[in-house]
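Source: prediction; values computed, not measured.
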Amino acid sequence: MDSIQADIEAVYRRESRRVLATLLRLLNGNFDLAEEALQEAFVEAVKHWPAQGVPDNPRTWLVSVGRFKAIDQLRKRGRRDASVQRMIDTPGDQYTDWEAETDSAVGDDRLRLIFICCHPALSPEAQVALTLREACGLTTEAIAAAFLVPVSTLAQRIVRAKNKIRDAGIPYEVPGPADLPSRLAGVLQVIYLVFNEGYSASSGEALLQRELSAEALRLGRLLHELLAAPEVTGLLALMLLHDARQASRVNSEGDFVPLDEQDRSVWDQAQIQEGARLVTLALSGHPPGPFAVQAAIAALHTQAPCAAETDWAEIVGLYSLLLQLQPSPVIELNRAVAIAMGDGPSAGIDLIEHLERDGALGSYYLLPAGKADLYRRAGERDLALRAYRQALNLSSCRARMTRPPCSVRVRRCSACANWIWPPLRLRFMVQRPQREKTYEISVSGLLRRTENAAAVAGRMGCAEP
Amino acid sequence: MQQLSQDEWDALNRECIACVAGLQASGHFLEGAPLLSTDTATTVRVRDGGPMITDGPFAETKEQLAGFYMLEARDCNEAIRLAQKIPPARYGSVEIRPVRELMEEGNRK
C-alpha cells in the first residue's frame with residue numbers, strides 16, 4: 001500500500017504537468033476545468049490503482065479519466081454552449097487521438113502551456129505566477145512564500161490571469177513562425193526572471209527561492225528539448241553556468257561571497273562542462289543572441305582558475321559584442337568594469353566618469369558603486385567613500401521594499417576594504433525595474449560585487465541615518 | 001500626432017484608408033471610425049440622479065481615443081496581429097478589447 005502510494009506520487013510528479021497540458025487542449029484552454037479534471041483523475045487513481053496496479057501508460061489513463069470527469073462536470077453545470085456540446089457529442093475516439101500521438105504531440109501541449117502562461121497580454125507578474133503554478137506545478141502557497149507576497153494576493157493574481165485568458169480569447173497554441181521570435185523572447189524573459197529571483201536569494205534559509213532557480217533550470221531544459229533555438233540554448237547555458245557556482249556564492253553564515261573570493265574547488269564541474277558545450281552551440285546563431293553572449297561571458301569566468309587569471313580581454317570583447325546587439329549604457333558600465341579588471345582601475349574609472357557625464361545613468365546606483373569599487377582598488381580611499389555614499393543615496397531613495405527588512409546584521413570594520421565588504425545576512429529583497437535586474441545576473445559576479453557593496457551601504461544608510 | 005505636418009498627417013490618413021480597405025478585403029472589418037480631437041469632447045456623468053455635463057475629455061484621460069476599429073478576429077492572437085497593422089500604432093498605442101454582448105440579465109461583469 002505504501003509502495004503504491006509512492007508510485008502514485010511519483011506518477012504525479014512526473015506526469016501531472018503533461019496531463020494538464022493535454023487536458024487543456026482537449027478542454028479548449030479552460031484552466032479551471034482542466035485543473036479540476038486533473039485532480040479528479042488522480043482521485044480515481046488513488047481509488048483504483050492499489051487493486052489494479054499502475055496502468056502501463058499512466059498518462060493515457062489519467063488523460064482519459066480526466067476528460068470524462070470534465071464532461072461530467074460540464075453536464076452537471078448544465079453548460080451547453082456549442083463547443084461543450086460538440087465535445088460531449090463527439091465519440092470518444094476522436095478525442096483520444098492523443099493516445100496514438102507521439103511524444104512530440106505531448107511536447108507540443110507542454111509548449112502550448114508555456115506559451116499561454118507567458119502571453120504578453122498578461123502582466124509580467126502574472127506571467128511568472130502562472131508559469132510557476134501551471135507549467136511547473138508549484139503550489140500557490142509555495143510561490144507566494146518565494147516572492148514574499150500574501151497567499152491571497154498571489155491567488156488573486158493567478159485567478160485574474162486565468163480570467164483574462166478566458167475573456168480576451170487568448171488561444172492555447174504555439175505561435176506561428178511570424179510571431180515565434182518575439183513570443184519566444186517573452187518566454188525566455190519569464191524563465192530568466194524566475195531564475196534570477198532564485199539566484200538573488202542570499203540567505204541559506206531562503207530555500208524556496210533556491211527552488212525557483214531549480215524550476216527555471218527545469219523549464220529551460222524542457223524548452224531546450226522541445227524547441228532548440230539558439231537563444232533557448234543560450235539561456236540554458238547561462239543558467240547552468242551561474243548555478244554551477246551556487247555552492248560557493250554564499251558562506252556558512254549565509255553571506256554573499258564575491259566572485260574573486262569564491263572557493264572554485266566546489267564549483268560543479270559537470271555542470272560547467274555542460275554549460276560550456278551549450279555555449280558553443282548557442283553562439284552558432286547568426287548573429288549570436290544576447291543570452292548566448294552573456295553565457296559566453298559566464299563560461300569564461302567559470303573556466304578561469306582564479307579571478308586574476310580570468311581572460312578579461314575576451315570578456316571585454318564579448319561585452320563589446322553585447323553592446324552591438326543591445327546598445328545600453330548599463331552594458332557599457334559592465335564593459336568598463338571588465339576593462340578595469342584587465343588593465344587596472346584607472347582605465348575603468350575614466351570610462352565610468354565619461355558615462356557619468358553622459359547622464360544616461362544618472363539615477364543608477366550601480367554606476368557610483370562600480371566607480372567606488374575601482375577607487376578602492378586604486379587606493380583612493382576618500383574618493384571611494386564618497387562614491388559609496390552616492391550609491392547609498394541613490395539606492396535608498398528609489399528602492400522599494402517588497403518585504404519587511406529583517407535581521408540585517410552589519411559588522412563594521414575600520415579598514416576601507418572591510419568597510420566595503422562587511423559580512424552581512426540579507427533577508428530582504430529590493431525590487432528593481434525588470435530591465436536593471438536583467439543585467440545583474442548578466443555580469444556574472446562582476447557588478448554583483450559592486451551591487452552587493454551598494455546594498456550593504458544602502459542598508460547601513462537605512463539602519464543608521 | 002499634433003507635431004505632424006499637414007503632409008505627414010494626410011499621408012497617415014491615406015495609410016489608414018488603405019489599412020481599412022485591406023481589412024475589409026480580408027473580411028475582418030466590421031465597423032470603425034476616426035474621432036475628432038479631444039478638444040471637441042463633452043463628458044457626461046450622471047450623479048445623484050442628475051446629469052453632470054463638462055466640457056473636455058475625462059480629466060483622467062492620459063491617452064486619448066483617436067478612433068476605433070471593430071474587427072472580427074478568431075482570438076486574441078489574431079487581434080494582436082491585426083492591431084499591429086493599424087498605422088497609428090506607430091505613434092500611440094492600440095488597445096484591444098473584446099466586445100461584450102448586452103443582455104437583459106446575466107451580463108458578464
Side-chain angles (χ1 to χ4, degrees), chain A residues 24-32 77-84 86 108-109 111-124 126-127 130 134 156 159-187 189-190, chain B residues 15-16 18-33 35 58 60-109:
Chain A
L24 267 165
R25 170 164 54 85
L26 299 176
L27 300 170
N28 300 319
N30 184 324
F31 271 98
D32 290 336
R77 287 187 203 167
R79 278 277 303 279
R80 290 290 162 128
D81 66 44
S83 63
V84 170
R86 206 164 46 243
D108 284 350
D109 283 339
L111 271 183
R112 284 189 188 98
L113 182 54
I114 294 173
F115 274 104
I116 202 168
C117 290
C118 300
H119 197 278
L122 306 172
S123 72
Q127 291 177 36
L130 203 61
E134 307 299 339
Q156 205 179 24
V159 167
R160 279 209 203 105
K162 287 181 191 165
N163 288 348
K164 175 139 194 200
I165 287 173
R166 188 192 60 216
D167 296 340
I170 297 175
Y172 192 59
E173 65 181 23
V174 176
D179 299 331
L180 192 63
S182 70
R183 291 288 308 282
L184 185 58
V187 169
Q189 197 59 41
V190 168
Chain B
E15 262 191 85
C16 289
C19 171
V20 168
L23 288 165
Q24 275 167 334
S26 63
H28 290 101
F29 192 83
L30 298 179
E31 185 65 71
L35 299 174
F58 295 119
E60 49 282 277
T61 309
K62 265 194 252 161
E63 294 188 346
Q64 292 151 358
L65 190 66
F68 72 93
Y69 290 71
M70 191 190 281
L71 307 179
E72 180 71 39
R74 186 166 42 84
D75 53 40
C76 183
N77 284 354
E78 188 176 47
I80 291 172
R81 276 195 294 277
L82 295 173
Q84 287 166 12
K85 295 181 186 156
I86 296 174
R90 297 199 305 267
Y91 299 89
S93 49
V94 176
E95 181 179 308
I96 299 168
R97 298 274 290 272
V99 170
R100 180 169 69 89
E101 197 184 340
L102 273 181
M103 299 184 292
E104 291 291 334
E105 54 190 22
N107 282 289
R108 185 181 266 183
K109 280 197 231 168

Worksheet entry | Residue B:Ile96 versus chain A: region with a heavy atom under 4.5 Å | neither

Worksheet item: B:Ala73 and B:Ala79: which non-hydrogen atoms are nearest, and at how many Å?
Response: CB-N, 3.8 Å

Discussion item. Heavy-atom pairs under 4.5 Å with chain B: which of A:Ala178, A:Gly169, A:Gly176 has the most?
Written reply: A:Gly169

Worksheet item: Can you find a heavy atom in the side chain of A:Leu113 that is under 4.5 Å from one in the side chain of A:Arg25?
Response: no

Worksheet entry | Beyond-backbone contact of A:Asp109 with A:Arg112, side-chain heavy atoms, under 4.5 angstrom | yes

Worksheet item: In terms of heavy-atom proximity below 4.5 Å to chain A, should B:Arg74 be classed as side chain, backbone, both, or neither?
Response: side chain

Practice prompt. Please report the closest heavy-atom contact between A:Ile170 and A:His119, naming both atoms and the distance.
Written response: CG2-CD2, 3.3 Å

